[in-house]
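One structure below.
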Protein chains: 2
Amino acid sequence: MLNSYSSADKVLLAVDCIIFGFDNEGLKILLIQRDFEPEKGKWSLIGGFLKRDEVLDSAATRILNTYTGLNDIYMEQLYAYSEINRDPVERTVSVSYFALINIENHNAELIQNYHAEWFPINDAPNLIFDHNEMVQNAIKRLRYKTSVKPIGFELLPEKFTMRQLLELYEAILSKELDKRNFISKINSLDILNKLDEKDMQSSRKGSYLYTFNKEKYEEKLQNNFALNL
Amino acid sequence: MLNSYSSADKVLLAVDCIIFGFDNEGLKILLIQRDFEPEKGKWSLIGGFLKRDEVLDSAATRILNTYTGLNDIYMEQLYAYSEINRDPVERTVSVSYFALINIENHNAELIQNYHAEWFPINDAPNLIFDHNEMVQNAIKRLRYKTSVKPIGFELLPEKFTMRQLLELYEAILSKELDKRNFISKINSLDILNKLDEKDMQSSRKGSYLYTFNKEKYEEKLQNNFALNL
DNA sequence: TATGTAAGTGTACAATCTACATTAATAATT
DNA sequence: AATTATTAATGTAGATTGTACACTTACATA
């Protein structure tokens, strides 16, 4: 019989997380140095196995929380990788997820305990299994997402300057953007609050701080806007 | 230990295929009337279980071939569905794939033998499990894809008229398109061959037939063009 | 008070998108 | 042979959006 549950093969299901972060040095991903075989000591995405009573989204959330201490983070399922020998120990299909986090916010101690570390996306070590491919696909998705949603605010501190936002988008898209055009496009979205406060670190003049206005954003969401940068 | 293969739970992995087709009546999906329990007699996507020695893409291809007899069909992985009780018999995670096929081309006998049937996307029966959701997500993806790739040629016969192409895109996007603007946008892509032959079915005057020019398309593919319809 | 640094701001031109109506070719009918 | 009915084919003007580009402002520091 074509569809028989009993004769079907079961497999291990893993979740691997591509965790993007941003700081003044640029766009980064969080990697972990494996402390178990195989490939012990090599760099890898953070991941884990799906449990019997768990949905994939929850597994991704749990794994992120385990390593960073963070909750309520935007995560998105990307793709299922199923090459037969992608994991040499046992047939494992892995579903990748990506997350965006503010590098300042996580629990640095946790990350240290797990031998995890932030790497610039353009200067990351070689990864185990098919994790390099997972990362490349996640970067593609991240780029696409920026054009459809004002994603990326997740990667900044609550208050940020236009320059920081610009540099974030430049890092994600890995191209230079025209400052004036960028600002007017962002302003035309009308989803930021300009504060009366200035950040004085960056210049003598100081630059205004902004916050992301979630209410305005939710309002606009219906007419799903595009952002052509 | 956090990552231990031996203690991890295995699950069944299924593949479900959303197969789109197009004819003069509009955009359709291929559904099957289940001949086994549970939900015997109800309508469902065609699907099957992943085998131990099989990659997800191959499973999707195999399943498509089983029911339609078709090979070499464009398929794309969509999403992994993992709700705990989505399948009442046993914990099953299902990965959805979508395919585009020309309704004329398949082996109609095979389809009949399997109690499969084409349904207009707006007039399809209620489906088992989470298959309705899968279909809705596939339609979204299909719409998105049309804007990035000149997908959809797969859904037409080899020789087609501009009107057929227009109606296909209208069916996919479920909105009316301006004929002149549509034609000039398609022409500006420069990926069609205009034949000297006319289709005389549709009108007294007859309308020119076109074929999709794969070479030109491959050439252009690098500068991934957008098609804003 | 002068100087240096990054912030903030507007415009003109180019490209693209949108809305829209007439003529052309032919088969069928008389 | 002429008329009619039907769908195919085609272009343009105006609106919108995107792009390239340079000077002034505010302030801290010397």
Side-chain angles (χ1 to χ4, degrees), chain A residues 24-26 143-144 146-148 150 156-157 159-171 173-211 220 223-229, chain B residues 24-25 143 146-148 150 156-157 159-171 173-211 220 223-229:
Chain A
N24 48 17
E25 292 169 356
R143 284 184 185 150
Y144 160 63
T146 58
S147 70
V148 218
L156 293 172
K159 299 174 182 182
F160 52 86
T161 65
M162 275 290 180
R163 170 160 297 264
Q164 283 176 293
L165 187 60
L166 172 67
E167 281 171 359
L168 169 59
Y169 275 90
E170 288 185 331
L173 301 172
S174 79
K175 68 174 178 190
E176 281 199 4
L177 299 172
D178 181 274
K179 184 173 47 147
R180 275 176 293 187
N181 294 339
F182 176 81
I183 292 174
S184 62
K185 281 174 187 175
I186 293 291
N187 281 333
S188 75
L189 293 182
D190 188 30
I191 52 172
L192 295 187
N193 299 324
K194 187 175 191 168
L195 306 180
D196 277 334
E197 208 175 328
K198 281 189 164 189
D199 169 89
M200 302 307 292
Q201 312 292 101
S202 59
S203 79
R204 307 273 155 85
K205 187 177 176 180
S207 54
Y208 283 105
L209 288 165
Y210 292 80
T211 56
K220 304 225 145 184
N223 341 312
N224 45 331
F225 44 81
L227 186 55
N228 299 317
L229 302 172
Chain B
N24 48 17
E25 292 170 354
R143 285 185 185 150
T146 58
S147 70
V148 220
L156 292 173
K159 298 175 182 182
F160 52 86
T161 64
M162 275 292 179
R163 171 161 296 266
Q164 283 176 292
L165 188 61
L166 172 68
E167 282 171 358
L168 169 59
Y169 274 90
E170 288 185 332
L173 301 172
S174 79
K175 67 174 178 190
E176 282 201 5
L177 299 173
D178 181 274
K179 185 169 51 142
R180 276 177 292 188
N181 294 338
F182 176 80
I183 292 174
S184 62
K185 279 173 187 176
I186 293 291
N187 281 334
S188 75
L189 293 182
D190 189 30
I191 52 171
L192 294 187
N193 298 324
K194 187 175 193 169
L195 306 180
D196 277 335
E197 210 175 328
K198 281 189 165 188
D199 170 89
M200 301 308 293
Q201 312 293 102
S202 60
S203 79
R204 308 272 156 85
K205 187 178 174 181
S207 55
Y208 283 104
L209 288 165
Y210 292 80
T211 56
K220 304 223 147 186
N223 340 314
N224 45 331
F225 44 80
L227 185 55
N228 299 315
L229 302 173

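Throughout, protein chains are lettered first and strands after them, A, B, ... in sequence-line order, and every chain is numbered starting at 1.
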Inset, instruction - Could you pull out all residues at least two apart from B:Thr146 that satisfy side-chain contact (heavy atoms from CB on, under 4.5 Å)? - result: B:Ile151, B:Tyr169, B:Ile172, B:Leu173

Where do N or O atoms of nucleotides 1-5 of chain D meet protein N or O atoms at under 3.5 Å, pair by pair?
residue, atom, partner, partner atom, Å
D:dA5, N3, B:Arg204, NH1, 3.3

Legend entry - Considering all heavy atoms, the nearest A:Arg204-A:Met200 contact: O-CE, 3.3 Å

Legend entry - Sub-4.5 Å side-chain heavy-atom contact between B:Lys179 and B:Ile183: yes

Inset, instruction - For DNA chain C, determine which residues of residues 192-201 of chain B have any heavy atom closer than 4.0 angstrom to one of its atoms, and list them numerically. - result: none

Inset, instruction - Applying salt bridge (charged side-chain N to carboxylate O under 4.0 Å, His left out), name anything that partners B:Glu176, two or more places apart in sequence or on another chain. - result: none

Legend entry - By side-chain contact (heavy atoms from CB on, under 4.5 Å) - contacts of B:Gln164 (at least two apart): B:Leu156, B:Pro157, B:Phe160, B:Thr161

Inset, instruction - Measure from CZ on B:Phe182 to P on C:dA19 and round the result to the nearest Å. - result: 16 Å

Legend entry - Residues that B:Gln201 engages under side-chain contact (heavy atoms from CB on, under 4.5 Å), provided they are two or more places apart: B:Asp199

Inset, instruction - Would you mind reading off the distance between B:Ile183 atom CD1 and C:dC20 atom P, rounded to a whole angstrom? - result: 18 Å

Legend entry - Of B:Gly206 and A:Ser203, the one whose closest DNA chain D nucleotide lies more 5': B:Gly206

Legend entry - Set of residues satisfying ring pair (Phe, Tyr, Trp, His ring centres under 6.0 Å) with respect to B:Tyr208, sequence neighbours excluded: none

Legend entry - Pairs involving residues 186-195 of chain A, ordered by first then second residue, that meet side-chain hydrogen bond (donor to acceptor under 3.5 Å, both in side chains) (sequence neighbours left out): A:Asp190-A:Lys216, A:Asn193-A:Thr211, A:Asn193-A:Asn213

Legend entry - Closest non-hydrogen atom pair, A:Glu170 against A:Leu177: OE2-N, 2.8 Å

What's touching nucleotides 14-18 of chain D from the protein side, N or O pairs under 3.5 Å?
residue, atom, partner, partner atom, Å
D:dG18, OP1, A:Asn228, ND2, 3.2

Inset, instruction - Could you go through the side chain to side chain contact (heavy atoms under 4.5 Å, CB included) check for A:Lys220 and A:Leu189 one step at a time? - result: CA-CA 9 Å; A:Lys220 304 225 145 184; A:Leu189 293 182; 5.9 Å; no

Inset, instruction - Spell out yes or no: do the side chain of A:Lys205 and the base of D:dT25 have one donor N/O and one acceptor N/O closer than 3.5 Å? - result: yes

Inset, instruction - Using side-chain contact (heavy atoms from CB on, under 4.5 Å) as the criterion, list what pairs up with B:Glu197, not counting sequence neighbours. - result: B:Lys159, B:Leu195, B:Leu209

Inset, instruction - Using whole Å, report how far CE of A:Met162 lies from P of C:dG8. - result: 8 Å

Legend entry - Length of the NZ-C1' vector between A:Lys175 and D:dA20, whole Å: 14 Å

Legend entry - Heavy-atom closest contact (A:Leu229 atom, A:Phe182 atom, distance): CD2-CD1, 3.8 Å

Inset, instruction - Calculate the interatomic distance between A:Leu165 atom CG and C:dA7 atom P; express it in whole Å. - result: 13 Å

Distances for protein N or O near nucleotides 21-23 of chain D N or O, under 3.5 Å:
residue, atom, partner, partner atom, Å
D:dC21, N1, A:Arg180, NH2, 3.4
D:dC21, N3, A:Arg180, NH2, 3.1
D:dC21, N4, A:Asp178, OD1, 3.4
D:dC21, N4, A:Arg180, NE, 3.3
D:dA22, N1, A:Arg180, NH1, 3.3

Legend entry - Residues forming a side-chain hydrogen bond (donor to acceptor under 3.5 Å, both in side chains) with A:Arg143, sequence neighbours excluded: A:Ser174

